[in-house]
There are 2 protein chains.
Amino acid sequence: MARRNQHSKEELRAMAIQALADLVEREGVDNFSVRQIAGKLGYTPGMLYHLFVNLDDLILHLNAQTLDALNARIDQATHHDDPVAVLKAMAFEYLRLAQQHTALWQLVFSHRMANQAPVPDWYIDRTRHMFEQVEVQLKRGVPAADEKQRQVMARTLWGSVHGICLLHVENKLNVAGDIAPEMMLESLLDHYLSSCAREGEK
Amino acid sequence: MARRNQHSKEELRAMAIQALADLVEREGVDNFSVRQIAGKLGYTPGMLYHLFVNLDDLILHLNAQTLDALNARIDQATHHDDPVAVLKAMAFEYLRLAQQHTALWQLVFSHRMANQAPVPDWYIDRTRHMFEQVEVQLKRGVPAADEKQRQVMARTLWGSVHGICLLHVENKLNVAGDIAPEMMLESLLDHYLSSCAREGEK
DNA sequence: CCCTGCTATTGAACACTGTTTATTTGTGTT
DNA sequence: AACACAAATAAACAGTGTTCAATAGCAGGG
């Protein structure tokens, strides 16, 4: 049969993204296939290629959705007065999503584009948003630093937060006693930011 | 034909690991196959399963080799007097390997065991080595901290170093102007360690 | 009301993947 | 020279992403 037309193309796209999300959350980051996704929708595999250019494209759309959720949480953390408190809250939200939706979070950061295809702009925009928010808070928390210094600090800080969350989520630091990742984030932010602020005072 | 017996089983294992290494370095982390590896050796795919239990096992052996190279560089960095200088040198060696042998480095940290198979002890030992060296230097640099605090510091610090190197290697922080990763490592170590040391003095 | 045109959807094919197994082939020993 | 042993093969299996000609169903016009 063909042309049931029960759903618009846009609806189908959303359904496919959701089907992939379910599959990833249930079976893990690397346990899905085009045939499984199509099966969940009640369609044949080939049909997905009328919605997305390929599987990479579909994954990218799901990742964008995950990044939107991440950004929403991060924006939500900006309500504190103290900029250091905001950065801490942001880091904790980052960790919380990684813990609550581990597989989706892993998919965002472990997916590599095949055949060196360039990452589309609408995707890059979403990753930039995070860094910008960090820089905003650094501007408030360490006003003495100049633009360049803040860029370095933002990338250093968020690269570090990412590394701590990643090693936790991937179970790569369960060597000799487990330390709560919250403790590490606290340690990082307390010490790094206090030293940066002190340097600014001089 | 069968049984040419030109090489011992151990030789063949080493050759297979090297063939995979070449392939990964030339074609990238996710562009190799059992058939390509066997082809490079002049054998058929099935033969590899007499050397390793499966592809995961072969990858694990290559990763162990990469971790040995990493540990050798890290050990080599311990010759400085100042423990802070040692930690800096260690972080820079970590970055340098990631830059010089990007694909091999990526393979170590992006490879996930299929079917939730446990990571063998001989592999875990190699990842633990790094953390132990960091703790040794922290014991010298921040003697006031107790055992537990040092564990937190070591994991915080090395998780951060890893995150910075990872984002650099994966090109995930080329949003709005590139900052040299060396600068970030320096910023991280200077500020984090100085604050930790200051707290110890109190 | 039938028919035509359009298009959403299919199904089969393609070239590839990791893995298993019976079978063959070469070598060293009796 | 015949045998036993093991190394290596070839072929199969079930799976993968992707392409594309053929088809099935609906909408609009006569």
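This one's a predicted model, so the numbers in the text were calculated from it and none came from an experiment. Below, each value reflects all heavy atoms present in this structure, side chains not excepted, and no hydrogens, waters or symmetry copies. Order of the sequence lines sets the chain letters (A, B, ...), proteins ahead of strands, with each chain counted from 1.
A donor-acceptor contact shorter than 3.5 Å is absent between the side chain of A:T78 and the backbone of A:I74. Using a distance-only test at 3.5 Å, with no hydrogens or angles considered, a donor-acceptor pair links the side chain of A:R140 to the main chain of A:D81. Formation of a donor-acceptor pair under 3.5 Å by the A:R35 side chain with backbone atoms of A:P45 is not found in this model.
Residues of residues 41-49 of chain B that place a heavy atom closer than 4.0 Å to DNA chain C, in numerical order, are B:G46, B:Y49.
Between A:Y192 and B:H191, the ring planes lie perpendicular to each other; the angle is over 60°, past the 30° to 60° tilted range. Relative orientation of the A:F109 and A:Y94 rings is tilted, given thresholds of 30° and 60° on the angle between their planes.
Rounded to whole angstrom, the span from the CG atom of B:D30 across to the P atom of D:dG17 amounts to 14 Å. A straight line from CZ of A:F52 to P of D:dT18 spans 13 Å, rounded to a whole angstrom. If you take CE of B:M15 and P of D:dA7, they are 15 Å apart, rounded to a whole angstrom. Between the C1' atom of D:dA7 and the CD atom of B:E11 lies a distance of 15 Å, rounded to the nearest Å. Between the CD atom of A:Q6 and the P atom of C:dT10 there is a distance of 10 Å, given to the nearest Å. Taking atom CG on A:L12 and atom C1' on C:dA8, their separation rounds to 10 Å, with Å as the unit. One interatomic measurement links the two molecules: CG of B:L60 to P of C:dG18, which rounds to 16 Å at whole-angstrom precision. If you measure from atom CG of B:L51 to atom P of D:dT9, you get 11 Å, rounded to the nearest angstrom.
When distances run from any side-chain atom of B:H50 to the nucleotides D:dT9, D:dG17, C:dG18, the shortest one goes to D:dT9. Side-chain proximity of A:N54 to C:dT17, D:dT18, C:dT9: nearest is D:dT18. When the nucleotides C:dT9, C:dA13, C:dT17 are ranked by their closest atom to the side chain of B:R35, C:dT17 comes out on top.
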Please walk me through it: do B:L167 and A:W158 pass side-chain contact (heavy atoms from CB on, under 4.5 Å)?
CA-CA 10 Å; B:L167 290 189; A:W158 222 245; 6.0 Å; no
Worked check of side chain to side chain donor-acceptor pair (under 3.5 Å) between B:R112 and A:S110:
CA-CA 10 Å; B:R112 267 185 284 273; A:S110 74; 3.3 Å; yes
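Nucleic acid contact for B:I37: none, since no nucleic acid atom lies under 4.0 Å from a heavy atom of the residue.
Nearer the 5' end of DNA chain C, as judged by each residue's closest nucleotide, is the contact made by A:K9, out of A:K9 and B:L55.
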